[in-house]
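Written out below as structure tokens is the structure these notes cover.
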Amino acid sequence: MAKQIKMLINTDDKQGHINREIYGNFSEHLGRCIYNGIYVGEDSDILNIHGLRKDIIDALKNIKLPVLRWPGGCFADEYHWKDGIGDKNDRKKIINTNWGGVVEDNSFGTHEFMELCELVGCEPYIAGNVGSGTVRELSEWVEYMTFDGVSPMADLRKKNGHEKAWKLKYLGIGNENWGCGGHMTPEYYADQYKQFANFCKNYNDNKLYKIACGPNAADYNWTEVMMKKLGRPGEWFADGLSLHFYTVPDWNNKGYATEFDRDGYYDVLSAAGYIDELITRHSEIMNRYDPDGSVALIVDEWGTWYDVEKGTNPGFLFQQNTMRDAMVAAISLNSFNRHCKRVKMANIAQAVNVLQAVILTEGEMMIKTPTYHVFDLFKDHQDGDAVYCYSQNENMKEGRNTPMISSSASVKDGVLTLTVANCGLDDDVDIVCELSGIAPSKASARILTGDVHDHNTFDDPEKVFISDYNARIDDGKLKIKLPACSVAEVRLS
Ligand code: AHR
């Protein structure tokens, strides 16, 4: 017998605007994310545009990827951008000390990244080097990218073949400066931030949106110090404060992506749900200093982190991706939607071949992971208004907060989008959803479901895929049956 679940959506009760950037990705010079992933080089037999894989560009366009963060991660605070411009034969070969000690030949640099973003149609989000860089270096990078006119850096860009300045909105000032970005105290970093940010100028009509390094998960003191030191209402030095949170129940025992039991499933889901508490508590601190919400919370690294696949380089962080990861993605994205008043951007780690990747590649083959499909199911929320969405619920594991139902709803152009997951492993649920503020006549739905261990492989690339599904309006209510371990998108108009 299916469980009966009551829901209520009130479209008159608007909860905030869902910035499309909540559906962002992160790409780092790590393992096979950039090299042998996104970037295969112009001489590759794999179909490419100036070395950028065409199938990856198309796949990212399909999920309407709004923003891509680059070049790290920990790599960002070791990256010297001038190594990655000009003739590729002359570019420096350096050691990627964070990720496997491999040779970084700098063949993918600023021009290649900007072209990638143009082809995908997304905003670039550059993470600048604070840990081992200088104020001048970052200031010159901004000048190189965004100044149209006569100046040393604009001239250099032109000499390197790009006459017109690019538009750059999102600029991160360092990455994890409490850790790999320099092991700084929040007090020291806040001063560093102000100095670096001060010299990153707005040229012509380019307006930077500056993001300060924020807390590691539950480091509430970091947030407190940042908010204290980064300004006051009406006069903020930062537009955003980042938050990094990885879904890992036990860092000493991460386990494999595809090998887990019921406890392993529910523990990971409960860890994913913790993002809600983190956002709530960091927001409470931010609200005290910034009641108007001028400074956004930017969750620019999130996702699952398991042991690497057997036989792969431990420094490359390559992992498979199952329906468990799809559920983590649904829980996280629903949470970001619900907190969209404060959360203005989020970037899953990472886009390709690293951690909770949306895309995996092997040679010329490419697969879309279950997580990719969740981004596809959720894409209609982009630029919508979040609306009140309540669900009756049930806890799936004693002693842990592991709700059976995860949901969020938004309205855009008169269409209501609901994304809802049945996180339970045993029971179907019959959802009856009361609707207030909207009286739709049409319902359509898409679903992702399967055994919790199901995943796509290069031999079986479409084991997990999205199907059209049944939802109906009956007596003014939305009715839908969700199988165990499923994520659905419902559209009502
Ligand atoms: O995403 C992998 C790494 O995780 C990033 O480089 C770093 O910022 C974080 O610790």
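Index from 1, following the sequence. Being a predicted model, the structure only gives us computed values, none of them experimental. Indexing begins at 1, ligand by ligand and atom by atom, following the structure's order.
- Heavy atoms of other residues, nucleotides or ligands lying less than 6.0 angstrom from NZ of Lys379 number more than 12.
- Between Tyr170 and Pro124 the shortest side-chain heavy-atom distance does not fall below 4.5 Å.
- In this structure, the ring of Tyr144 has its center less than 6.0 angstrom from the ring center of His111.
- More than 12 heavy-atom neighbours from other residues, nucleotides or ligands sit within 6.0 angstrom of NZ on Lys194.
- Contact shell of ligand 1 (protein heavy atoms, cutoff 4.0 Å): Phe26, Glu28, Leu30, Gly73, Cys74, Trp99, Asn175, Glu176, Tyr246, Glu301, Trp305, Gln350, Leu355.
- For Asn19 (side chain) and Ile22 (main-chain N/O), no donor-acceptor pair under 3.5 Å exists by modelled atom type.
- No side-chain heavy atom of Val308 sits less than 4.5 Å from a side-chain heavy atom of Gln319.
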